[in-house]
Number of protein chains: 2
Amino acid sequence: MNKPPTFVEGLLQYVEELKDESEMTEKQRNILRASVKLFAEKGFHASSTSEIAKEAGVAEGTIFRHYKSKKDILLAVVAPVLVKFAAPFILKDVREIFKEQNKKTFSQIVTELYRNRIDLVLANEKHIRILLQEAFFHDEIREALIATVFTGVKEMANKLIEAKVEVGELRPLPTQAVFRAILSSMIGLVLFRQVLDTDEFTQFSDDEQIALTVDILLNGIGNHSI
Amino acid sequence: MNKPPTFVEGLLQYVEELKDESEMTEKQRNILRASVKLFAEKGFHASSTSEIAKEAGVAEGTIFRHYKSKKDILLAVVAPVLVKFAAPFILKDVREIFKEQNKKTFSQIVTELYRNRIDLVLANEKHIRILLQEAFFHDEIREALIATVFTGVKEMANKLIEAKVEVGELRPLPTQAVFRAILSSMIGLVLFRQVLDTDEFTQFSDDEQIALTVDILLNGIGNHSI
DNA sequence: ATTAAAAGTGAGTAATCACTCGCTAATTAA
DNA sequence: TTAATTAGCGAGTGATTACTCACTTTTAAT
């Protein structure tokens, strides 16, 4: 059976053809900007093309000059974020963090990783909102998200974990459980920061929160001084 | 200024009037069942009332006999889950777990809590999907979700944490950071279980995963035996 | 300056949307 | 049994949907 190209494969090809923002017309940029705003606020299906046109200050026909369907706009919005997470030239940040792993302690590496990922989320807040929303419904996007963000990082992380276990810096726990702990802390960090900005949380700076999180990740919340 | 009742207040009143499933007609139950299915699969806005009618084997007019608008169906679907999380008679489970806290170790309490919450998610998977999806868009639902799930549990958790710190079972960390760590681990646990069921993950049973998670939460992943 | 291609327009399209209404069928109260 | 209420129906409502197309304007190449 000759499977059609997966969404991920299609995505990579699609991104190749993706226009750089600089070679877009003013109006096309407006369309994208308006779409991001509306999709993030009300969701993809609740946003109509007429609304997008109005928000962008453009005739409705112009939208379809650049994007052959509404779903195409979604892809144009979502794809860059996906590659920002995954594409080598951005994942380079991560790779670099992991790279000199024998020169750095695990806590240093994780601290850098958290800082880096929080910045990435902050810089792409609305896009990531849209990405997560649509990942709920569209299997394609969810699979792409998992394949890029998740599987990509997992490989590297697992190597790091196993190396650090051998050196004796980490306890010999199942790698998968350690990976999950690292990711959970990161997700919690971002989640609390973004959606639950209560007084208790904002009393600490980002860097303090990260430091606390890494401390707990490594040492736990239990008291062992007895 | 005389503020209108908040969504949460409205919700509680609304739930009072909520029909018990047993006193619904066959057709009404079908409408709800069909709505849950479609909302979970494609999202609220992408599901039309005509689809719901067809899926439920009912005339479209019948839907509006029972629910005065489409959004009303969403509320009828979502509200019960919200109260399952929050309503005293269900939060009782949690309360009970926390209750005999001086007789139990922290790790026992958290283990029970995780087990209990995982079961709740498993038993209401689709509904929770819908709840989370719509929490993205509707401020009302998000606020209700935070107010019930989050704020309710936080009070109890904070007391427990502070008590256990005093006893010397937990390290004297900022309560907020400890709370976040507990919640992050729980979210990670459910998230990995539900959306990332890879081979590596499913090689352990639920209870083993919980045990690992609690171990890491308390003792960290760092090696202190040196 | 000429020409071809690309960008932009907005009225128009069929389909679908949430919802209504006048009706019949079934259930309940008296 | 009768009267009154509720449940169920489905054709019909205007509004809105994503999208098209014949047309004009702008840009770029020769």
Side-chain angles (χ1 to χ4, degrees), chain A residues 17-79 130 133-134 137-138 140-141, chain B residues 17-79 130 133-134 137-138 140-141:
Chain A
E17 299 159 12
L18 248 195
K19 282 186 184 168
D20 190 289
E21 268 216 8
S22 60
E23 57 191 73
M24 287 180 184
T25 63
E26 178 75 17
K27 305 241 167 187
Q28 190 175 358
R29 261 185 306 247
N30 284 343
I31 292 170
L32 270 191
R33 196 172 36 73
S35 300
V36 169
K37 185 184 177 222
L38 289 172
F39 290 171
E41 273 172 12
K42 346 185 344 182
F44 173 72
H45 270 107
S47 313
S48 70
T49 49
S50 71
E51 275 178 302
I52 295 174
K54 194 185 283 177
E55 173 77 33
V58 148
E60 209 171 337
T62 309
I63 292 178
F64 293 94
R65 176 85 27 197
H66 296 287
Y67 304 98
K68 68 173 192 285
S69 72
K70 191 186 157 193
K71 188 157 184 174
D72 238 47
I73 309 177
L74 178 63
L75 275 185
V77 165
V78 146
I130 297 170
Q133 280 165 21
E134 296 313 314
F137 315 121
H138 307 285
E140 333 151 303
I141 293 184
Chain B
E17 299 160 11
L18 250 193
K19 281 186 186 169
D20 190 289
E21 269 216 8
S22 60
E23 56 191 76
M24 289 179 185
T25 62
E26 180 74 18
K27 305 243 166 187
Q28 189 175 0
R29 256 178 311 218
N30 283 343
I31 292 171
L32 269 191
R33 197 170 36 72
S35 300
V36 169
K37 186 184 177 222
L38 290 172
F39 290 171
E41 274 172 13
K42 345 187 341 183
F44 174 72
H45 270 107
S47 312
S48 69
T49 48
S50 71
E51 276 179 302
I52 294 173
K54 194 186 282 177
E55 173 74 34
V58 148
E60 209 172 336
T62 308
I63 292 178
F64 293 94
R65 175 94 6 192
H66 295 288
Y67 305 98
K68 68 175 191 285
S69 73
K70 192 186 158 194
K71 188 155 186 175
D72 238 47
I73 309 176
L74 178 63
L75 276 184
V77 165
V78 144
I130 298 170
Q133 280 165 20
E134 297 314 315
F137 314 120
H138 307 285
E140 334 150 304
I141 294 184

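Throughout, protein chains are lettered first and strands after them, A, B, ... in sequence-line order, and every chain is numbered starting at 1.
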Rounding to a whole Å, what distance do you find between [X]:[atom1] and [N]:[atom2]?
X: A/Glu60; N: C/dT13; atom1: CD; atom2: P; result: 15 Å
X: B/Lys27; N: D/dA7; atom1: NZ; atom2: P; result: 13 Å
X: A/Met24; N: C/dA6; atom1: CE; atom2: C1'; result: 16 Å
X: B/Lys68; N: C/dC19; atom1: NZ; atom2: P; result: 10 Å
X: B/Asn30; N: D/dG8; atom1: CG; atom2: C1'; result: 13 Å
X: A/Phe64; N: C/dT9; atom1: CZ; atom2: P; result: 14 Å
X: A/Ile31; N: C/dT9; atom1: CD1; atom2: C1'; result: 12 Å
X: B/Leu74; N: C/dA18; atom1: CG; atom2: C1'; result: 15 Å

**Report entry** Closest approach of A/Ala53 to A/Ala59 (non-hydrogen atoms, all atoms of both residues)
**Finding:** CB-C, 4.2 Å

Report task. Considering non-hydrogen atoms only, spot the tightest contact between B/Leu32 and B/Ala76 and give its length. Result -> CD2-CB, 4.2 Å

Report task. With a 4.0 Å heavy-atom cut-off, tell me which residues in residues 38-58 of chain B come close to DNA chain C, sorted by residue number. Result -> B/Ser47, B/Ser48, B/Thr49, B/Ser50

pair [X]-[Y]: side-chain heavy atoms closer than 4.5 Å:
X: A/His66; Y: A/Ile31; answer: yes
X: A/Ile130; Y: A/Leu74; answer: yes
X: B/Gln133; Y: B/Phe39; answer: no

Query - A/Arg29/A/Glu26 ion pair, N-O < 4.0 Å - result: yes

Query raised in the report: The side chain of B/Arg65 lies closest to which of these nucleotides: C/dG22, C/dA18, C/dG8?
Result: C/dG22

Requested in this report: Please work out whether the ring planes of A/His138 and A/Phe44 are parallel, tilted or perpendicular, with thresholds of 30° and 60°.
Outcome: perpendicular

Query raised in the report: Within less than 4.0 Å of OP1 or OP2 of C/dA7, is there a side-chain N or O belonging to A/Thr25?
Result: no

Query raised in the report: At under 4.0 Å, does any side-chain N or O of A/His66 touch on OP1 or OP2 of C/dG8?
Result: yes

